[in-house]
Amino acid sequence: MATNGGFTGKMLYVDLSTRKIEARETGTEEELRMWVGCSGLGLHLLASMIRPGMEFLEPDSPMILINGPLTGTAVPQSSNWAIVNLRQQAGYHPGFSFGHGFFGARLKHAGWDGIVVVGASPSPVYLWIDDSKVEIQDASKYWGTDTFACNRKLREDLGDPQRISVACIGPGGEELLAGGVVRADLAYSAGTAAPGTLWGSKKLKAIAVRGTGLVPLAHPGEFLAVANEWRNTQWNHKVTPEMKAMHTVQHDPRYAKHRNPAGQSQPVKNMSEYLERGGAQPEEGEWKFRPVGSFNCEMACHFETNIPSGPFAGLYATGYSPSVIGSMHGIYDRGIAMGLTTHLDELGLHESEVPSAMSMVMEAYNTERLTQEQCNGLDLSWGNWQSTLQLLDMTLHREGIGAIIAKGIKATAEELGLQDLAVHIKGSGFHGQYQINHPAMLFASVVAGGGPRWEVSNRLFLTEGEPDLGYEAPLNPDDPTYGEVAAKAVYEGQKKKTWEDDLGVCYFAMQGYTGIFDLETRSLMAATGWTGFTRDEAMMAGERFINLQRMVSLYLGYKPEFDYDVSQRLMDAIPTGPGKGRSLKKYFDMWRDEYYQLLGWSTKTGAPSRAALRRVGLQNYMVGK
Ligand code: SF4
């Protein structure tokens with residue numbers, strides 16, 4: 001046992017080709033302290049398993065599902081788990097997808113820090129983890145079912161639906177569509193880096209887990225006292241009720257217009273147009289919605305919503321909010337947008353690939369770049385939700401133009417000659433609803449070492465700032481000093497966020513609170529028994545992670561020019577609305593140079609200097625098998 005607590009000390013290794021199951025030590029004490037957990041430890045494991053030329057969908061491509069040291073404990077919102085794998089798009093980046101709900105906590109309570117799956121089964125299977133008992137079971141009867149049906153049926157069949165968590169893929173992942181997600185506990189997707197497509201290639205339909213134990217803690221009394229302090233800090237702070245109210249407002253159709261806050265221009269229709277205020281309109285009818293919490297979560301930002309009227313009347317939508325398949329397809333009816341989003345969740349698809357490719361095709365149709373005949377007779381006029389549904393179905397079955405869209409936005413743009421209409425970062429769809437108004441936030445997504453994703457706290461840009469980093473208010477894109485301060489803020493914010501992503505705690509429990517570093521590090525020490533873990537060590541863990549991401553990227557073929565592989569629409573100035581004139585292009589070169597210099601990386605090659613690697617303790621680190 002590497003530590004006295006926080007970790008269970010055991011990882012599950014499953015080879016689906018040989019059907020071998022074994023338990024291995026999670027890591028040495030030194031490894032755990034360097035990489036902490038979730039995305040950090042997962043990246044370290046991935047770095048040791050890859051080899052040159054390894055493809056995302058080849059059988060050896062690893063799937064690492066991993067908890068943090070605080071997952072499943074008494075600290076608030078300790079529900080986070082991560083999936084780490086190669087990326088499907090921007091394949092030179094490692095990929096990270098985060099999930100919430102109860103799945104990670106139950107896995108930890110079953111005695112496992114995580115699961116590594118390699119190989120591929122010839123027929124559909126699921127993993128059944130019942131505390132220490134682990135079995136590979138036949139999943140033929142669940143193959144083809146949607147993520148909701150599979151979740152419910154599997155839990156019922158296993159005979160203890162209230163205490164079992166299921167993470168599973170839908171038909172989208174099974175059919176190897178681009179951007180397949182893993183859905184857990186009905187409401188939660190882990191999907192940024194297409195883990196569902198990877199599961200589909202391994203014929204892994206689901207993982208079911210029941211855990212009846214507790215997370216071991218080195219100093220339980222001290223840990224509970226810090227957890228309590230954390231909860232009080234959170235709920236005594238004005239940020240928390242505001243954040244909770246914001247989540248409710250986001251889901252309450254009567255306030256739908258507030259989804260687009262003042263001072264922001266909202267891109268719609270594949271970012272070919274902007275609305276000054278709010279794409280979704282308040283709807284008639286009696287809307288019923290209730291919050292759906294995660295493990296140990298009082299914030300409860302995910303909702304179950306009953307759609308009261310329209311073509312999807314009676315449907316229960318479960319999740320965060322309508323996705324790109326609404327306003328980016330010119331669909332502003334909230335009930336219809338939620339119905340379509342729920343269908344995407346059933347299929348287990350992320351908005352960044354298939355829906356983004358569809359909105360690009362719709363723009364091509366609406367600007368007469370594609371004919372109705374080329375679209376297999378579909379009328380793809382903006383807002384035609386029936387055609388959106390049909391196109392999704394054709395994509396799932398790889399029929400007509402759907403066979404192209406199934407490959408994702410980059411391949412679709414190339415095959416149809418629509419590169420100028422592809423809204424993407426490094427070949428991944430990126431609708432940038434919030435980021436487009438904050439060039440620094442967009443910049444953070446471009447330089448994110450895990451490919452386009454949120455690697456920096458949103459609060460630095462949107463609402464409260466990050467007081468523990470010295471930002472008492474969010475950066476203001478209209479402030480004359482914005483250009484000078486933003487690159488440093490992204491660098492500091494990325495270190496903090498990536499450290500926090502290691503812990504196994506939801507970011508809504510960590511953003512914007514004064515003294516949060518102290519609570520995080522004291523919790524970690526009380527859980528693990530480590531001593532002297534300071535704020536500086538936490539920030540160093542973040543910087544080490546950022547460097548390893550870059551080392552893995554270089555190993556996988558990253559080139560500096562890829563930093564500029566960004567849709568022109570994301571670079572150009574916003575043409576209209578409150579955010580008019582804000583543009584990433586204006587700052588990009590200056591910010592990139594400064595960001596690289598802060599990290600000690602070459603602006604020419606993108607590689608970390610020896611001094612940079614020495615600073616984070618990676619001077620002797622070897623990536624690859
Ligand atoms: S705030 Fe939302 S994402 Fe975070 S733990 Fe709670 S329900 Fe999950």
Side-chain angles (χ1 to χ4, degrees), residues 36 39-40 43 93-94 96 425-426 435 438-462 464-477 479 481-502 507 510-512 516-517 520 534-554 558 560 562-564 566 584 586-618:
V36 188
S39 40
L43 177 64
H93 282 303
F96 305 89
I425 292 177
K426 300 173 180 174
Q435 293 91 332
H438 295 269
M441 198 176 178
L442 202 48
F443 175 74
S445 299
V446 176
V447 294
R453 67 182 189 117
W454 286 3
E455 261 180 38
V456 178
S457 159
N458 293 344
R459 307 217 139 243
L460 213 40
F461 310 105
L462 290 179
E464 288 290 331
E466 274 287 3
D468 264 20
L469 293 177
Y471 298 92
E472 299 289 340
L475 303 188
N476 178 357
D479 190 290
T481 65
Y482 186 64
E484 292 155 35
V485 299
K488 174 99 181 328
V490 166
Y491 165 69
E492 296 291 341
Q494 190 183 13
K495 287 190 290 184
K496 180 171 185 284
K497 172 77 164 46
T498 52
W499 136 258
E500 289 175 336
D501 281 347
D502 295 345
Y507 55 82
M510 299 186 285
Q511 291 184 76
I516 191 67
F517 271 122
E520 292 163 356
T534 60
R535 168 210 161 104
D536 286 350
E537 187 170 346
M539 287 293 267
M540 188 57 76
E543 184 146 2
R544 184 178 301 120
F545 174 81
I546 295 165
N547 275 279
L548 183 56
Q549 283 191 134
R550 176 49 56 99
M551 290 167 75
V552 168
S553 287
L554 287 163
Y558 162 86
F562 296 160
D563 288 351
Y564 297 88
V566 179
L584 176 57
K586 183 171 156 196
Y587 303 110
F588 190 81
D589 287 334
M590 177 178 81
W591 284 350
R592 181 182 177 275
D593 282 1
E594 187 184 341
Y595 172 82
Y596 273 40
Q597 282 157 8
L598 286 164
L599 277 159
W601 294 359
S602 161
T603 53
K604 290 205 169 56
T605 65
S609 65
R610 278 182 194 283
L613 293 180
R614 211 173 301 118
R615 188 167 77 197
V616 297
L618 295 183

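Values in this document were obtained by computation on a predicted structure and should not be read as measured data. Note that the numbering runs from 1 along the sequence shown for the chain.
Partners of Glu492 according to the side chain to side chain donor-acceptor pair (under 3.5 Å) rule, which considers only residues two or more places apart in sequence or in another chain, do not exist here. Under the side chain to side chain donor-acceptor pair (under 3.5 Å) criterion, Asp479 pairs with Thr481, not counting sequence neighbours.
By the 4.5 Å heavy-atom criterion applied to side chains, Leu554 and Pro608 are counted as neighbours. Arg592 has its side chain within reach of Tyr564: a pair of non-hydrogen atoms, C-beta onward, lies under 4.5 Å apart. For the pair Tyr491 and Glu594, the minimum side-chain heavy-atom distance is 4.5 Å or more. Residues Asp536 and Phe517 have side chains not in contact (no heavy-atom distance under 4.5 Å, counting atoms from C-beta outward).
Of the possible donor and acceptor atoms, one in the side chain of Gln511 sits under 3.5 Å from a partner among the backbone N and O of Asn458. Between the side chain of Asp501 and the backbone N or O of Ser39 there is no donor-acceptor pair closer than 3.5 Å. At distances below 3.5 Å, not a single donor-acceptor pair connects side-chain atoms of Glu464 with backbone N or O atoms of Gly512. A distance-only check finds no donor-acceptor pair linking the side chain of Glu500 to the backbone of Tyr507 [under 3.5 Å]. Side-chain N or O atoms of Arg544 include none that pairs as donor or acceptor with a backbone N or O of Gly617 at under 3.5 Å.
Using modelled atom types, one finds a donor on one side chain and an acceptor on the other under 3.5 Å when comparing Tyr596 with Asp563.
Screening Arg453, Gln549, Lys426 for a side chain to side chain donor-acceptor pair (under 3.5 Å) with His93, the sole residue that qualifies is Lys426.
Within the structure, side-chain hydrogen bond (donor to acceptor under 3.5 Å, both in side chains) pairs that include any residue of residues 606-615 comprise Glu543-Arg615 (at least two apart or interchain).
A salt bridge does not link Asp468 with Lys496: none of the charged nitrogens is closer than 4.0 Å to a carboxylate oxygen.
Relative orientation of the His438 and Phe461 rings is tilted, given thresholds of 30° and 60° on the angle between their planes.
Between Trp591 and Tyr482, the gap from one ring centroid to the other is short of 6.0 Å.
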